[in-house]
Number of protein chains: 2
Amino acid sequence: MKQEKLESILDTSRKMFGRYGIQKTSLHEIARMARVAKATIYNYFGSKDQIYLEVLNRESNDVIEKISVAVDQVTSPADKLRVFMHAKFRYMKEAINILNLGREGIDNLLPKTSSIRDRLFSREVNILHSILEKGVTEGIFYVSNIMLTARAIGYALRGFETTWLLEENNGEIEKHLDNLSYILCSGILVRREVV
Amino acid sequence: MKQEKLESILDTSRKMFGRYGIQKTSLHEIARMARVAKATIYNYFGSKDQIYLEVLNRESNDVIEKISVAVDQVTSPADKLRVFMHAKFRYMKEAINILNLGREGIDNLLPKTSSIRDRLFSREVNILHSILEKGVTEGIFYVSNIMLTARAIGYALRGFETTWLLEENNGEIEKHLDNLSYILCSGILVRREVV
DNA sequence: TTTTGGACTATTTTCGTTTTGCAGTCTAAA
DNA sequence: TTTAGACTGCAAAACGAAAATAGTCCAAAA
């Protein structure tokens, strides 16, 4: 019984915040939609902001979880990289509240939201790091500085995030991602040497 | 005499807008700082927004111009790529008003500003395109789809823009850029074949 | 012919006040 | 534990008055 209420509150909050934003969603509404008393919400959460942050954390965890699962489906490091990119964009699209963070101005954000974003980014980089490491260990990849490269890829992928927030053309994005992962693996220089 | 007034107005506006934003800068102040009569400003511009857009256009043109010059300093396509990245970030830092566009929320932007940004992006891609083309022609690069790749690189570099808006650590960025341009050229796969 | 200061208007913005709405607390009952 | 509902205090609408500002116009000066 306890867990159900909590899930109901969080799930409703996620939808309402996603549609109307934190400002324009009242706890009264959330309580009504989630079919709990407003007082119950305060049994679980200390404040509206806390609910919002928990929603963001959950979305963040979901994204990482789903990416991890997807990446684990394939074995070769090169495949893992390609799958990582596609999974990241596929599942980020479902993390509506995290995406909305990007649309709002820097000023009117809750301070802790940026640390959630940073943590998400850092966990993405961790996954990238382990993929690169595996590739290097297996002798498939040559990477001089794994950490640096993982972060570079992470930053680069951010460039796409801002783009397809407005674009809805999914196929276009997929094409870009394939191209990018190919470049990432092979480079654009004509190969002259054998290693 | 005419040109001087115009430059004075635009230069003053650039600084004021850069520091206080378009909202919090009054034409009265601009006129005073630029040492012209307010009426003179209206000899040259139809509205405050027009001045702002012209400032943005100039910053945009400056960036492209400077990048082009820098890229032309070197000859090999691989060098051009590396130089492109460094120049882009170096000179974008001086385009304060364009940078500020990124900080504000999507809503309270002048509609035409986004087309200026888009045009800047598109011109960057054009430069990248011509570099890649030269590389392919010279047999240095292997690129299956030049246009797609140019855009991919352009998008990727955006990922860094949002990052170093807050970061001031210049050296860190430079390191990332070097690493990125190396990956871009060589890929991360161990080379096995001769072409 | 272009520039200038200043006067003028029509909007915005600002600001102080009032009013409403909402987050968060508390309680008694289920 | 959960619930409905009443309650408080704060924070944000709502509003109207006052100030500021974008943009116009003109007669004089450069």
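Since we're looking at a predicted model, the values are computed, not measured. Naming convention: chains lettered A, B, ... in sequence-line order (proteins, then strands); numbering from 1 in each chain.
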| task | Please determine, for the side chain of A/Asn43, which listed nucleotide (D/dT3, C/dT4, D/dG23) has the closest atom? | result | D/dT3
| task | Please collect all ring-ring contact (aromatic ring centres under 6.0 Å, His included) contacts where either partner lies in residues 85-132 of chain B, sequence neighbours excluded, each pair once. | result | B/Phe89-B/Trp164, B/Phe121-B/Tyr155
| request: Output the single nucleotide from C/dA23, D/dT24, D/dT3 whose closest atom is nearest the side chain of A/Thr40. | output: D/dT3
| Where A/Cys185 and A/Leu81 come nearest, the two heavy atoms and their spacing | SG-CD1, 4.5 Å
| field | Upstream residue (5' side of DNA chain D) when A/Lys24 and B/Leu27 are each assigned their closest nucleotide | value | A/Lys24
| message | Counting C-beta onward and ignoring hydrogens, is there a side-chain heavy-atom pair between A/Thr149 and A/Ile146 closer than 4.5 Å? | response | no
| request: Measure from CZ on A/Arg35 to P on D/dT1 and round the result to the nearest Å. | output: 24 Å
| message | Do the side chains of A/Arg117 and A/Glu161 get close enough for a salt bridge, i.e. N-O under 4.0 angstrom? | response | yes
| said: What is the distance, to the nearest angstrom, from the CD1 atom on B/Ile22 to the P atom on C/dT13? | reply: 11 Å
| Nucleotide nearest A/Tyr44 (side chain, heavy atoms from C-beta), chosen from C/dC22, D/dT2, C/dT4 | D/dT2
| Interface residues of residues 47-55 of chain A with DNA chain C (non-hydrogen, below 4.0 angstrom) | A/Ser47, A/Lys48
| Where A/Ala150 and A/Leu132 come nearest, the two heavy atoms and their spacing | N-CD1, 3.7 Å
| Proximal nucleotide (of C/dT4, D/dT3, C/dC22) relative to the A/Ser26 side chain | C/dC22
| salt bridge (Lys or Arg N to Asp or Glu O under 4.0 Å) with B/Lys112: which residues, sequence neighbours excluded? | none
| query | Can you list, by residue number, the residues of residues 8-21 of chain A that have a non-hydrogen atom closer than 4.0 angstrom to DNA chain D? | reply | none
| request: State, to the nearest 10°, the angle formed by the axis through the first five base pairs of the helix from C/dT1-D/dA30 to C/dA30-D/dT1 and the axis through its last five. | output: 50°
| Do the charged groups of A/Arg58 and A/Glu7 touch, with an N to O distance under 4.0 Å? | yes
| field | No-hydrogen, no-angle side-chain donor-acceptor test under 3.5 Å, A/Asn61 and A/Arg123 | value | yes
| request: Kindly write out the residues that satisfy side chain to side chain contact (heavy atoms under 4.5 Å, CB included) with B/Ser8, not counting sequence neighbours, or none if the list is empty. | output: B/Thr12, B/Ala34
| said: Rounding to an integer number of Å, can you tell me how far B/Arg32 CZ sits from C/dT4 C1'? | reply: 17 Å
| remark: Side-chain atoms of A/Ala37 come closest, of D/dA22, C/dT3, D/dA4, to D/dA4
| request: Could you check how far CZ of B/Phe45 sits from P of C/dT2, rounded to whole Å? | output: 16 Å
| note | Here the distance between atom C1' of D/dT1 and atom NZ of A/Lys5, to the nearest Å, is 10 Å
| Given D/dT2, C/dA23, C/dT3, the nucleotide with the shortest approach to the side chain of A/Tyr42 | C/dA23
| field | Nearest-0.5 Å distance that lies between atom OG1 in B/Thr75 and atom CD in B/Glu138 | value | 8.0 Å
| message | Nearest 0.5 angstrom please: B/Asp62 CG to B/Asn57 CG, how far? | response | 11.0 Å
| What integer distance in Å separates A/His28:NE2 from C/dA23:P? | 10 Å
| request: Measure from CD1 on A/Ile41 to P on C/dA23 and round the result to the nearest Å. | output: 9 Å
| To the nearest angstrom, how far is A/Gln23 atom CD from C/dG21 atom P? | 17 Å
| said: Any salt bridge linking B/Arg82 with B/Asp79? Criterion: basic side-chain nitrogen under 4.0 Å from a carboxylate oxygen. | reply: yes
| Quiz item: A/Lys38 side-chain donor-acceptor pair to D/dA4 base, under 3.5 Å | no
